[in-house]
Amino acid sequence: MAAKSDGAAAAAGPGPEGAAGGARGSTGGRGEAAAVAGGPGVVGAGGPGPRYELRDCCWVLCALLVFFSDGATDLWLAASYYLQGQRTYFGLTLLFVLLPSLVVQLLSFRWFVYDYSEPAGAPGPAASTKDSGTGGAAISTKDSAVAFRTKEGSPELSPRPAPSSASAYRRRCCRLCVWLLQTLVHLLQLGQVWRYLRALYLGLQSRWRGERLRRHFYWRMLFESADVSMLRLLETFLRSAPQLVLQLSLLVHGGREPDLLPALSTSASLVSLAWTLASYQKVLRDSRDDKRPLSYKGAVAQVLWHLFTIAARSLAFALFASVYKLYFGIFIVAHWCVMTFWVIQGETDFCMSKWEEIIYNMVVGIIYIFCWFNVKEGRSRRRMTLYYCIVLLENAALTGFWYFSRNFSNDFHSLILVCVVASSFALGIFFMCVYYCLLHPNGPMLGPQAPGCICPETPGTCGPPADAITSPPRSLPRTTGAERDGASMGGERAGTPTLPVFQVRPGLPPTPVARPLRTEGPVIRIDLPRKKYPAWDAHFIDRRLRKTILALEYSSPATPRLQYRSVGTSQELLEYETTV
């Protein structure tokens with residue numbers, strides 16, 4: 001009905017009959033309680049949602065520390081090269097710092113301009129009332145003009161009075177100050193810092209405010225965290241990854257004990273890469289209520305996994321590049337082309353347009369030069385095993401060629417470097433196994449796994465909490481006349497009444513919860529099929545859709561639910577709704 005972007009439309013209205021209300025509860029931290037839902041594709045709901053905790057604040061502060069340490073050591077090293085008269089090294093080091101930063105700041109500022117600018121002809125949201133006749137609230141949008149209609153008998157919401165000249169002047173002055181501040185922040189290359197601090201502020205506000213505003217601030221905090229995680233992922237693989245290979249190559253080529261400053265820069269780049277990958281996966285899982293959230297133990301295991309595998313990969317690159325510079329460039333380009341083609345062949349669905357998808361696949365090809373990055377739904381075990389087998393062969397070949405160029409020297413320094421490559425890769429694989437076997441959100445890899453549903457972390461079976469309601473499946477098997485007459489089925493006696501055998505997930509209680517289905521409350525319907533994990537939901541990457549949802553959510557007395565278009569498959573679908 002509105003908020004269309006690349007063919008997407010969003011409309012808010014009463015939930016369909018049978019829509020149920022659940023919550024991704026706040027007991028014990030973010031997402032540790034079960035969440036179930038009613039209508040197809042429902043992904044947001046009212047009720048007590050997840051809470052912003054102290055460990056979330058500490059994670060953001062650690063991310064800021066990693067960001068500043070990486071940038072400061074690179075700039076310090078560039079200045080050191082300049083003072084030593086090594087202009088080539090100075091130019092390359094500074095290039096890998098400034099060029100990616102400029103690209104990311106332009107993208108961040110473009111997002112700010114789009115988020116903060118008002119559509120032409122739409123000075124602000126308008127509210128009106130009308131009988132919905134459905135027993136619940138209905139909201140519709142048209143080019144960011146928002147209307148809220150309550151059921152018959154509710155007090156009407158009159159339109160806002162026209163602002164006075166003084167208030168309009170103050171509003172323009174405030175907008176001008178915000179524009180000047182954001183321009184200065186991005187000129188100083190601090191766009192990510194601003195977004196980190198804003199996510200921290202929104203998270204703390206969601207902790208301190210009342211129930212309704214708490215949900216609103218938490219939703220905005222998730223949006224801001226998603227933005228900064230995407231920006232950091234792009235920046236680290238455009239800046240930290242080539243910087244890491246460059247400094248390691250210079251250290252190996254020097255053939256002497258490494259200085260403190262290049263070692264600090266190399267370590268900071270390595271930690272930045274590993275941290276950004278783990279943080280991206282955590283924010284992605286936190287944003288999707290159809291997936292279990294990633295715990296901080298799992299995030300730390302991911303940091304160690306990527307830290308050691310990227311260290312082995314980068315050191316193998318540096319050893320080979322210190323001798324065969326031209327062939328190293330050919331190898332990198334060839335590997336990137338093969339990985340990009342592999343990603344494109346997998347038909348990813350991350351972006352809202354074809355060209356954005358191609359650019360995204362090219363960026364993922366760069367990531368695949370250094371480490372594994374899941375971009376396709378389903379069990380990734382085979383694809384990941386194939387990738388790491390290829391990486392192991394490449395690391396062995398690159399290190400072997402370097403060792404061959406030294407005529408299989410038996411000096412202690414060469415043997416140590418070869419052992420470091422092998423042991424670092426082995427440690428990375430070990431922490432990867434620890435993550436998948438012990439700390440994966442869906443449960444141990446070798447034991448019984450929860451099929452992606454969100455349930456409380458309490459002993460017992462995976463299922464909804466006592467106050468949750470599950471909706472019926474999209475389609476049920478047809479009942480034959482023989483079954484209705486009590487005929488023998490599977491060796492059972494004819495006439496024997498059979499127990500109900502409907503289960504949404506293994507381990508659900510055999511008796512449904514005796515509670516009427518909740519049908520009141522606004523539902524924002526999005527005319528798009530929901531993207532499959534590991535892609536972001538459309539309301540995280542489509543900024544016009546995001547603006548409309550935030551306007552509807554803020555104008556509604558109850559937090560609306562998000563409902564994507566049903567894909568129309570015959571298999572059973574279990575929907576979730578939560579307050580994000």
Side-chain angles (χ1 to χ4, degrees), residues 70 73-74 77 81 86 88-89 92-93 95-96 236-274 304-339 365-372 387-431:
D70 187 20
T73 53
D74 289 343
L77 181 61
Y81 284 144
Q86 299 175 333
T88 302
Y89 298 160
L92 289 175
T93 303
L95 177 67
F96 288 143
T236 50
F237 280 93
L238 292 180
R239 183 183 77 177
S240 301
Q243 193 77 261
L244 177 62
V245 176
L246 173 64
Q247 302 308 326
L248 283 176
S249 300
L250 296 179
L251 289 174
V252 172
H253 187 70
R256 53 184 173 81
E257 292 296 325
D259 296 331
L260 177 61
L261 192 53
L264 286 177
S265 175
T266 301
S267 303
S269 298
L270 183 58
V271 172
S272 180
L273 284 165
L304 296 175
W305 160 21
H306 294 301
L307 182 75
F308 288 107
T309 53
I310 295 176
R313 185 75 165 163
S314 302
L315 184 54
F317 284 168
L319 294 176
F320 186 78
S322 64
V323 179
Y324 306 101
K325 296 180 178 60
L326 176 61
Y327 292 111
F328 174 71
I330 296 174
F331 165 78
I332 290 295
V333 173
H335 184 91
W336 174 78
C337 291
V338 172
M339 291 293 122
I366 297 175
I367 297 175
Y368 272 163
I369 295 175
F370 294 90
C371 65
W372 165 256
Y387 173 81
Y388 277 116
C389 287
I390 294 174
V391 167
L392 177 61
L393 293 176
E394 289 179 346
N395 289 353
L398 295 175
T399 309
F401 279 120
W402 170 80
Y403 196 59
F404 175 76
S405 69
R406 300 176 68 88
N407 297 321
F408 299 102
S409 174
N410 291 326
D411 65 284
F412 184 73
H413 181 260
S414 300
L415 292 176
I416 284 294
L417 290 177
V418 172
C419 292
V420 166
V421 173
S423 59
S424 179
F425 185 79
L427 274 174
I429 298 300
F430 168 76
F431 283 110

Taking atom [atom1] of [X] and atom [atom2] of [Y], what is their separation to the nearest 0.5 Å?
X: Trp336; Y: Ile332; atom1: CH2; atom2: CD1; value: 12.0 Å
X: Ile366; Y: Leu238; atom1: CD1; atom2: CG; value: 5.5 Å
X: Asn395; Y: Phe320; atom1: CG; atom2: CZ; value: 12.0 Å
X: Thr399; Y: Leu315; atom1: OG1; atom2: CG; value: 7.0 Å
X: His335; Y: Phe370; atom1: NE2; atom2: CZ; value: 9.5 Å
X: Leu304; Y: Phe430; atom1: CG; atom2: CZ; value: 10.0 Å

Practice prompt. Please check if atom CZ in Phe401 has more than 12 non-hydrogen atoms from other residues, nucleotides or ligands closer than 6.0 Å.
Written response: no
Discussion item. With a sphere of 6.0 Å drawn around OH of Tyr89, does it hold more than 12 non-hydrogen atoms of other residues, nucleotides or ligands?
Written reply: no
Identify the heavy atoms of [X] and [Y] that sit nearest to each other, and give their distance.
X: Leu319; Y: Ser322; value: O-OG, 2.6 Å
X: Gly428; Y: Thr309; value: CA-CG2, 3.6 Å
X: His306; Y: Cys371; value: ND1-CB, 4.4 Å

Fill in: Full working for side chain to side chain contact (heavy atoms under 4.5 Å, CB included) between Val418 and Trp402
CA-CA 10 Å; Val418 172; Trp402 170 80; 4.1 Å; yes
Whether [X] and [Y] hold their rings parallel, tilted or perpendicular, with breakpoints at 30° and 60°:
X: Trp305; Y: Tyr388; result: tilted
X: Phe431; Y: Phe308; result: parallel
X: Tyr387; Y: Tyr368; result: tilted

Practice prompt. Please report the C-alpha distance between Leu392 and Phe425 in whole Å, then the side-chain angles of each, then the deciding distance to 0.1 Å, and finally whether the side chain to side chain contact (heavy atoms under 4.5 Å, CB included) criterion is met.
Written response: CA-CA 8 Å; Leu392 177 61; Phe425 185 79; 3.7 Å; yes
Fill in: Intermediate values then yes/no, side chain to side chain contact (heavy atoms under 4.5 Å, CB included), Ser249 and Phe328
CA-CA 11 Å; Ser249 300; Phe328 174 71; over 6 Å; no
Fill in: Min side-chain heavy-atom separation Met339-Ile369 under 4.5 Å
no
Worksheet item: So, do Ile310 and Leu270 sit near enough that their side-chain heavy atoms are less than 4.5 Å apart?
Response: yes
Worksheet entry | Of Ser269, Pro242, Ser265, Ser267, the residue whose pairing with Gln247 passes side chain to side chain contact (heavy atoms under 4.5 Å, CB included) | Ser265
Fill in: Under 3.5 Å donor-acceptor, Thr73 side chain and Asp70 backbone
yes
